[in-house]
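Presented below is the structure to which this report refers.
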There are 2 protein chains.
Amino acid sequence: MPIERYLTIGELSRRSGVAPSGLRYYESLGLIGSQRTSGNQRRYDRTTLRRVAFVRTASRVGLTLDQIAEALATLPEARTPTAEDWTRLSRSWRPLLDARIAAIERLRDQLDSCIGCGCLSLERCMLQNPADNAAALGPGARYLEGDSPADAAQAAIQAG
Amino acid sequence: MPIERYLTIGELSRRSGVAPSGLRYYESLGLIGSQRTSGNQRRYDRTTLRRVAFVRTASRVGLTLDQIAEALATLPEARTPTAEDWTRLSRSWRPLLDARIAAIERLRDQLDSCIGCGCLSLERCMLQNPADNAAALGPGARYLEGDSPADAAQAAIQAG
DNA sequence: CCTTGACTTCAAGTGAGGTTGAACTTACAC
DNA sequence: GTGTAAGTTCAACCTCACTTGAAGTCAAGG
């Protein structure tokens with residue numbers, strides 16, 4: 001048997017880019033697991049790094065942590081997940097991303113035509129699809145939808 | 001003089017699709033204003049409808065209410081904003097939407113190539129763009145990962 | 001006048017995804 | 001054997017954009 005190198009929470013944090021507090025939070029949600037030393041400190045299996053990477057990426061894609069937990073629950077318990085397993089899960093994200101792109105494009109085009117029409121009933125244009133808001137963003141994706149609005153918004157405001 | 005028809009909060013709510021509580025909230029942030037009756041009830045100028053429409057749309061586009069307040073501050077105070085004024089502001093949103101679309105497309109393509117490559121270092125693929133990662137997160141998390149983007153980048157490089 | 005519905009304020013709650021602080025313990029190098 | 005970096009738990013706090021509830025007031029029809 002090769003020596004199994006366990007990671008401390010600090011090591012896992014540095015390698016995954018997730019703060020220790022975040023890792024504990026993930027554990028509290030059952031997204032990752034850990035062993036404990038005799039002194040009650042967490043030690044992580046190296047496969048946990050991949051698991052954390054999956055969680056972060058799924059989160060970026062716009063899934064809630066609950067949804068990610070559900071997805072992880074479909075992994076086989078009996079063995080270490082293979083690349084195949086991870087791929088299967090990630091593949092399902094594509095339609096989600098496509099849908100989000102489509103929603104933003106719709107919004108953009110709506111905006112374009114409103115700006116182009118020169119009408120004096122701007123509110124009619126602007127409000128014509130008020131329910132789309134939540135629908136366009138998907139579950140809990142209010143903030144996730146925007147990739148880096150901070151920078152772009154700043155530029156946009158200054159450009160105006 | 002034509003009769004100036006003022007709107008109650010309920011009327012403005014129905015016409016704008018924003019709940020009364022939301023309108024009060026907007027007012028507390030200075031996004032809209034109101035007159036008061038002798039009995040302390042709000043009465044809204046009809047132009048407020050347009051203002052609310054602007055706020056909702058800007059919000060949909062992804063601006064924070066603070067940013068929207070900033071944008072509104074650039075409107076002329078001396079006169080009622082014209083269609084031109086609103087158009088100028090809305091036009092600035094386009095680059096923002098384009099940027100968001102581009103960001104999601106980047107993420108999607110990254111994902112595609114990761115899925116396609118069949119590598120066993122899924123975490124290398126997944127973590128390869130940690131700066132985007134932070135940007136894609138909510139405001140709370142944005143800080144924290146933004147605190148040390150260098151660390152996250154370092155982690156990504158070392159990961160694998 | 002009375003009822004009813006719409007309005008008022010203010011504090012607190014929601015939810016997502018965490019972070020922060022206090023008080024304490026472990027791990028490890030010297 | 002000691003100093004200190006890194007770990008532990010738990011509750012409380014953070015943002016953002018609101019909503020909800022409590023307790024009370026106003027407006028308008030009959």
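Lettering follows sequence order; numbering is per chain, from 1. Only this structure's heavy atoms are used, side chains among them; waters, hydrogens and symmetry mates stay out.
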>> Here's a test of your reading of the structure: between B/Q41 and A/Q41, which maps to the more 5' nucleotide of DNA chain C?
In response: B/Q41
> Are the side chain of A/R108 and the backbone of B/D98 linked by a donor-acceptor contact shorter than 3.5 Å?
Replying inline: no
> Under 4.0 angstrom, heavy atoms only, what part of the nucleic acid is B/R24 near: base, sugar-phosphate, or nothing?
Replying inline: base
> For A/R43 and C/dT26, what is the distance between atoms CZ and P respectively, to the nearest whole Å?
Replying inline: 13 Å
> Roughly, in whole Å, what's the span from CD in A/E11 to P in D/dA5?
Replying inline: 17 Å
> What nucleotide, of D/dT8, C/dT9, C/dG17, holds the atom closest to the side chain of A/Y25?
Replying inline: C/dG17
> Between A/R42 and D/dT8, is there a side-chain N or O to OP1/OP2 distance below 4.0 Å?
Replying inline: yes
>> Between A/R36 and D/dT9, is there a contact of a side-chain N or O with OP1 or OP2 at under 4.0 Å?
In response: yes
>> What verdict does the side-chain contact (heavy atoms from CB on, under 4.5 Å) test give for A/Y26 and A/R56, after you've listed the backbone C-alpha separation in whole Å, the side-chain angles of each residue and the deciding distance to 0.1 Å?
In response: CA-CA 10 Å; A/Y26 286 170; A/R56 295 306 301 135; 2.8 Å; yes
>> Can you work out whether A/S21 or B/Y44 has the more 5'-proximal nearest nucleotide on DNA chain C?
In response: B/Y44
> Looking at the side chain of B/T37, which of C/dG18, D/dC18, D/dA27 is the nearest nucleotide?
Replying inline: D/dA27
>> Below the 4.0 Å mark, does C/dG18 have OP1 or OP2 next to a side-chain nitrogen or oxygen of A/Y26?
In response: yes
> Expressed in angstrom and rounded to an integer, what is the separation of B/E27 atom CD from C/dT9 atom C1'?
Replying inline: 12 Å
> Any idea which of D/dC18, C/dT20, C/dT8 is nearest the B/L65 side chain?
Replying inline: D/dC18
> Just how far, in rounded Å, is C1' of D/dT15 from CG of B/L63?
Replying inline: 17 Å
> Picking from C/dG17, D/dA27, D/dC18, which would you name as closest to the side chain of A/T64?
Replying inline: C/dG17
> Between atom CG in A/L29 and atom P in C/dG17, what is the gap in whole Å?
Replying inline: 9 Å
>> Any salt bridge linking B/R50 with B/D85? Criterion: basic side-chain nitrogen under 4.0 Å from a carboxylate oxygen.
In response: no
>> How many whole angstroms separate atom CG of A/L12 from atom P of D/dT8?
In response: 11 Å
> How many angstroms lie between CZ in A/R46 and CG in A/L49, if you round to the nearest 0.5 Å?
Replying inline: 7.5 Å
> Strictly by modelled atom types, are A/T64 and A/D66 linked by a side-chain donor-acceptor pair under 3.5 Å?
Replying inline: no
> Is there a donor in the side chain of A/T48 and an acceptor in the side chain of A/D45, or the other way round, less than 3.5 Å apart?
Replying inline: no
> Which distance, rounded to the nearest 0.5 Å, do you find between the CG of A/L72 and the CG of A/L65?
Replying inline: 10.0 Å
>> Rounded to whole Å, please give me the gap between CD1 in A/I9 and P in C/dA27.
In response: 14 Å
> Are B/R14 and C/dA6 close enough that a side-chain N or O sits under 4.0 Å from OP1 or OP2?
Replying inline: no
> End-to-end bend of the helix from C/dC1-D/dG30 to C/dC30-D/dG1 (five-pair axes, 10° rounding)?
Replying inline: 10°
>> What is the separation between atom CG on B/N40 and atom P on C/dC7, rounded to the nearest whole Å?
In response: 13 Å
> Can B/E27 and B/S34 be counted as having a side-chain donor-acceptor contact under 3.5 angstrom?
Replying inline: yes
> Base, sugar-phosphate alone, or nothing: which one does A/T8 contact when heavy atoms must sit under 4.0 Å apart?
Replying inline: sugar-phosphate
